[in-house]
Amino acid sequence: MGSADQASLAAFRETAQRFAQKELKTRAIDFDRYPYAEFNAGAVQAAREVGLLQVLLPEARGGTGQGIEVFSEILFFLAQADASIAAILLINALAQSALLKWGKPSLQEKYLSAKLLAFPVYDSPANLPRGVEAEKKGGGYVLKGKLEYLALAPVAEAAVIPAVLKGTEKVAFFLVDLTTPGISLSAPILSLGLRGAPVADLEIGGSEVSADYLLCPDAGSEYPGFTMRFRPAAAALAVGVAAGSYETAKAYAQERYQAGKIIIEHELIRLLLSNVAVIAESGRALFGAMARAVDEGREELLAETGLILSTELASRAVSDGVQVLGGYGYIEDYGQEKRMRDAKQIESFFGPAPVKRLELLEGILRREK
Amino acid sequence: MTYKLNFDQDERFDFDGNFPSLAVLAKYKPAMVKRVRKSWEDERNFLREHLSPLVLSEDLKHAQNPDHISWEMLRVAGRHGRLSQYIPGFMGGLGNSLGLSMMVNLEEQAALDCAFCGMMGGHGLGLAAVFMTFNMRILQRVADQIAAHQNDEKPYVIDCAITEPTAGTDVEEVELYPKARLMCQAKRVSGGAVLNGRKVFISTGHMATDHVVIMPFDQRDAVNTMGCFLVSNGTPGFSLGRMERKMGQKAGSASELIFEDCLVPEESILLAQDQFPEEKFQEQFRMLLHGVLGITRTAVGAWSTGTARGAFDRALYLAKRIKHKGRTLIHQQWAQALLTNMHINVMMARGAYLESQFALMRGFEKIPLVTGFPPWISDSSILAWLFRQNWYRKFLHSRWMHRQILDYARSSISEDQDARVQFMSSLAKVVGSDMAMENCQLATEFLGQAGLRHDQGVEKIFRDAKLLQIFEGTNQLNRLNIFTHYLARHLSGVEVF
Ligand SMILES: Cc1cc2nc3c(=O)[nH]c(=O)nc-3n(C[C@H](O)[C@H](O)[C@H](O)COP(=O)(O)OP(=O)(O)OC[C@H]3O[C@@H](n4cnc5c(N)ncnc54)[C@H](O)[C@@H]3O)c2cc1C
């Protein structure tokens, strides 16, 4: 995959902006009450209709075959309005791509058009959970165990899940249809952020699946590399949240009076705003460069370090985005507190922040050997 | 969802090890420190036994229904006397949390539930304001009401309304009042005062029976015409507006209070400049605001320290259970260092609030209502008897006596002491709240998904903690306040506000 041409980048940017304006902006705060308000199925459906849910799929599978640069640009714009919907696109795309990479054509046929696919995006790739075990039986496998905190599980039709292949040390990826007998989900989990991108615990009690459903027998070693393509998109999500926080805070600071001045005239407000501006603005260039690098198949280091930089900075900066609004930042009305929660949630994509740093060095040293 | 907040590692918390300065103080003031320690132990028992089952379940109820009000939590506080923690025993209160105990106990409360402190904080702020008006008549009335209703379905609490929709920071600092865009104003009428305007973000507003309201008689000269009023629910012209939907701090409400030609009778005016028109009382409002902020910002420092500790406690608990690469986190170097950083943050915040409390005890030495009474006074049954006698109340509650107390209080605080209290309390507030937020950031990053899901209690503290950097003066304002009272005082020609 080469880098995107300017025309399609511009076209998708416009679609994303229009979509964010029309479908997301006004009701983002209402839908953020999930699981105690309905799931925003309307926006997901609308995203499907305008092709945003299938951006990365090849034309043969009903998509437009775009690369990560276009995808990241889309997520950046959606995340400014509602990071939950942007996160759904990303999580679903991870599962879609796993299916494309490792799944049999028949499986792709069946599930790529599925409603939504769940994916363990909060687990660290080099340390996949070992709570589910897969035992070979006849021509297939029996799956048994627990997987915690599976993203999109409450609203998905099928899920990509890690399972230990019994008798080996290896963790494999399986696709499981969530209607399979023996699979049960917890109630949707109330989370810090991205509440509109539902999460649940999964329990699987001896369900039989055919061998076709084994996607990747050695996800433990293949999956970390696989995620590199998606790190620019996750960075774009975080930067989008920061950009939304920055625009909201700047606009507010130009209207609010305190100490007889518009508060943007106070230097301390400018310093707070600059904290958010730094990542919102430079982050755009960063995730663009990260995306082009992975689209052109260049080295992974930028994707890995760029994700750490942008998610960590964004998640701290949006706290200042709240601070600019004082008490009004702490209440839901301006969406600033939601952004603070969302950015923190995004920071744990692909594992806890310090673990991502440890894995970075592990990878560097491994490659140098 | 059942989740019992864990204390297994909390057992390791020993008083002497974590409060070395109090251990030293115990050599010189054994009775005082003994009492602090006893009160602290009682508080811990109360929190474990009665409050811990409610912490997460109440928070969840608010997620399910944003209009929920945590009466259950208030009832638990009421049943165990916690609503009169700050009222001395001889006035009919529990009086276990005055002075140093207030701070040490607040840390404990916050370590369990930052939002419980928020709910109690509105009431506490109201009491601090009543104390600083030195209106003994209304203080006794409030104390009696608390005692009479602490076992009710809806126990009696108060709140304190300062912030207005267009004036937040500006009403947190005496120097900024002249620049503030105030919208509230009181008017003198025969038999009392008529209030007009709106107050916002008032903690505990929807739970309170009476509201302490601060507004001037003349907006253009607010500092010199300030009034402080006690407004009861049901007073014509008073109503509750919206209840804000907050990021965290769900246990207490943040409420809008609306005044439309609301008549407050003379006997409910806590303090009005025109009651004491003498020249020497000109600075009365400054003293009131400084006194309230000195106490409450130190209190927020202690509450923040508890919050930082709450994040640390939970991270430690989970670190003993979560595995990374097959090994429990607690055995890994990076996790050990991260937990240590969190612990350092707690200790720094604690040092700051204790120093601030000592500055307060020194600065307000002669005002035991603020600094705490010696045990032989607070527990005195003779004094308690005296305070119940009508003749004594009549004497203590007279306007003449009010003037004497104000005069005494005014002359007992020097300018230097006042400045010290101001910058120390701002410092405790800034250090504490920044450390609290930092520990929440660290805990969430460290734990990944366990830090994000509601049932582990970490994400709740993250949401609760952010308020600490915003209210009681934003941390920006408090930094400027430290500069004003610590540095600018000694530098001629340097202006801050
Ligand atoms: C949950 C909650 C509970 C509360 N409880 C109470 C209560 O019980 N009683 C009560 O009276 N109030 C209460 N408040 C109000 C609180 O004290 C105010 O929110 C706070 O003082 C900040 O004021 P503001 O929100 O109007 O922000 P603003 O004053 O509008 O501040 C906006 C931003 O401008 C900055 N800023 C303002 N002035 C300056 C300046 N001169 N120089 C530099 N920067 C400046 C601030 O730091 C902030 O970043 C509560 C608020 C909340 C959210």
Side-chain angles (χ1 to χ4, degrees), chain A residues 29 33 35-36 120 122-124 126-127 129-130 148-149 151 186-187 189-195 199 201 256-261 263 266 268-269 271-272 312 315-316 319 322-323 325-333 336-338 340-341 344-345 347-348 350-355 357-358, chain B residues 1 59-60 63-66 163 166-170 173 175-176 178-181 200-201 244-249 254 323-326 332 334-335 338 437 440-442 444-455 458-460 462-463 466-467 469-471 474-477 479-480 497:
Chain A
I29 291 166
R33 287 197 45 224
Y36 306 108
Y122 295 102
D123 287 303
S124 66
N127 186 35
R130 309 177 80 88
E148 285 185 356
Y149 216 63
S186 70
I189 294 165
L190 183 63
S191 293
L192 175 62
L194 297 180
R195 289 184 174 164
V199 180
D201 295 333
R256 175 80 173 169
Y257 274 85
Q258 216 60 198
K261 291 187 208 162
I263 61 172
H266 295 307
L268 288 183
I269 287 292
L271 291 180
L272 288 172
E312 290 185 5
S315 83
R316 298 292 174 125
S319 180
V322 169
Q323 195 72 16
L325 277 73
Y328 293 93
Y330 194 70
I331 58 174
E332 69 175 24
D333 303 39
Q336 289 298 74
E337 64 86 23
K338 173 180 183 295
M340 182 169 166
R341 293 185 286 102
K344 202 68 199 163
Q345 185 92 11
E347 198 185 9
S348 282
F350 304 124
V355 170
R357 285 172 173 266
L358 292 171
Chain B
M1 197 176 317
D59 188 67
L60 195 60
Q64 290 161 343
N65 170 19
T163 307
T166 50
T169 300
D170 287 352
E173 170 60 56
E175 258 56 62
L176 286 173
K179 297 178 179 170
R181 298 189 161 187
V200 286
F201 296 136
E244 304 297 349
R245 296 188 174 180
K246 308 190 271 357
M247 181 184 198
Q249 295 287 345
K323 284 189 173 166
H324 175 66
K325 303 214 153 178
Q332 310 199 18
W334 67 277
L338 200 145
M437 199 61 239
C440 290
Q441 297 273 14
L442 290 174
T444 320
E445 287 160 20
F446 171 51
L447 298 165
Q449 33 184 286
L452 300 175
R453 50 192 299 161
H454 184 269
D455 55 5
V458 176
E459 70 86 34
K460 174 181 177 298
F462 183 94
R463 289 183 287 107
K466 180 61 197 169
L467 176 67
Q469 296 178 316
I470 296 173
F471 76 154
T474 61
N475 281 9
Q476 287 68 35
L477 182 269
R479 283 197 168 79
L480 295 176
F497 293 107

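The figures here come from the full heavy-atom set of this structure, side chains too, leaving out hydrogens, waters and symmetry mates. Below, read A as the first sequence line, B as the second, and so on, with proteins coming before strands; counting in each chain starts at 1.
For A/L194, no part sits under 4.5 Å from any heavy atom of chain B, backbone or side chain. Using a 4.5 Å cut-off between heavy atoms, A/E312 makes no contact with chain B at all. With a 4.5 Å cut-off on non-hydrogen atoms, A/L272 touches chain B through its side chain but not through its backbone. With a threshold of 4.5 angstrom between heavy atoms, B/V458 does not approach chain A through any atom at all. In this structure, no portion of B/F471 lies under 4.5 Å from any heavy atom of chain A. For a residue to count as touching a neighbouring chain, one of its non-hydrogen atoms must lie under 4.5 Å from one of that chain's; by this rule B/A180 does not touch chain A. For a residue to count as touching a neighbouring chain, one of its non-hydrogen atoms must lie under 4.5 Å from one of that chain's; by this rule B/K323 touches chain A with the backbone only. Heavy atoms closer than 4.5 Å to chain B are found in the side chain of A/E347, but not in its backbone. If you measure heavy-atom distances from A/D123 to chain B, the contacts under 4.5 Å come from both the backbone and the side chain. Neither the backbone nor the side chain of A/R130 comes within less than 4.5 Å of any heavy atom in chain B. Using a 4.5 Å cut-off between heavy atoms, B/Q249 touches chain A through backbone and side chain atoms alike. For B/L480, the part lying near chain A is the side chain, with the backbone staying farther off; criterion is any non-hydrogen pair under 4.5 Å.
Note that the CZ atom of A/R341 and the OG1 atom of B/T444 stand 12.5 Å from one another [nearest 0.5 Å]. The CD atom of B/Q64 sits 8.5 Å away from the CG atom of A/L190 when rounded to the nearest 0.5 Å. Note that the CD atom of B/Q449 and the OG atom of A/S348 stand 8.5 Å from one another [nearest 0.5 Å]. Atom CE of B/M247 is separated from atom CD of A/E332 by 12.5 Å, given to the nearest 0.5 angstrom. A distance of 8.5 Å separates OG1 of B/T474 from CG of A/L268, quoted to the nearest 0.5 Å. For the atom pair CZ of B/R453 and CG of A/L192, the computed distance is 13.5 Å after rounding to the nearest 0.5 Å.
Checked against side-chain hydrogen bond (donor to acceptor under 3.5 Å, both in side chains), A/Y330 has no partners two or more places apart in sequence or in another chain. A/Q336 is linked by a side-chain hydrogen bond (donor to acceptor under 3.5 Å, both in side chains) to A/S245, A/R339, counting only residues two or more places apart in sequence or in another chain.
Under the 4.5 Å side-chain criterion, counting only non-hydrogen atoms from C-beta, B/R245 is not in contact with A/I331. Two residues are said to be in side-chain contact when any heavy atoms from C-beta on lie closer than 4.5 Å; A/Q323 and B/I470 meet this criterion. Two residues are said to be in side-chain contact when any heavy atoms from C-beta on lie closer than 4.5 Å; A/R33 and B/P66 meet this criterion. In this structure, B/K466 and A/M340 have side chains that are in contact, with non-hydrogen atoms separated by less than 4.5 Å.
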Item to complete: Report the C-alpha distance between A/K344 and B/Q441 in whole Å, list the side-chain angles of each, state the deciding distance to 0.1 Å, and finish with yes or no for side-chain contact (heavy atoms from CB on, under 4.5 Å).
Response: CA-CA 8 Å; A/K344 202 68 199 163; B/Q441 297 273 14; 2.7 Å; yes

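Interface check for chain A: of the options B/L467, B/L176, B/T163, B/T169, the most heavy-atom pairs under 4.5 Å are formed by B/L467. Between chain B and the residues A/L271, A/L325, A/V355, the largest count of heavy-atom pairs under 4.5 Å involves A/V355. Of the listed residues B/A254, B/G248, B/P178, the one with more heavy-atom pairs under 4.5 angstrom with chain A than any other is B/G248. Heavy-atom pairs under 4.5 Å with chain A peak, among B/E244, B/M437, B/Q476, B/Q469, at B/Q476. Put simply, of B/H324, B/K246, B/K460, the one with the most heavy-atom pairs under 4.5 Å next to chain A is B/H324. Counting heavy-atom pairs closer than 4.5 Å to chain B, the top-ranked of the candidates A/V199, A/I263, A/D201 is A/D201. Interface remark: of the candidates A/S319, A/S124, A/A353, A/G351, A/S319 forms the most heavy-atom pairs closer than 4.5 Å to chain B.
Here the closest non-hydrogen pair linking A/G260 and B/D170 is N-OD2, 4.3 Å.
We find that B/E445 and A/R316 are joined by a salt bridge, their nearest charged nitrogen and carboxylate oxygen being less than 4.0 Å apart.
In the displayed structure, A/R357 atom CZ is contacted under 6.0 Å by at most 12 heavy atoms of other residues, nucleotides or ligands.
Distance alone, capped at 3.5 Å, is enough to place a donor-acceptor pair between the A/N127 side chain and the B/K325 backbone. B/R181 contributes no side-chain N or O that, together with a main-chain N or O of A/A259, makes up a donor-acceptor pair within less than 3.5 Å.
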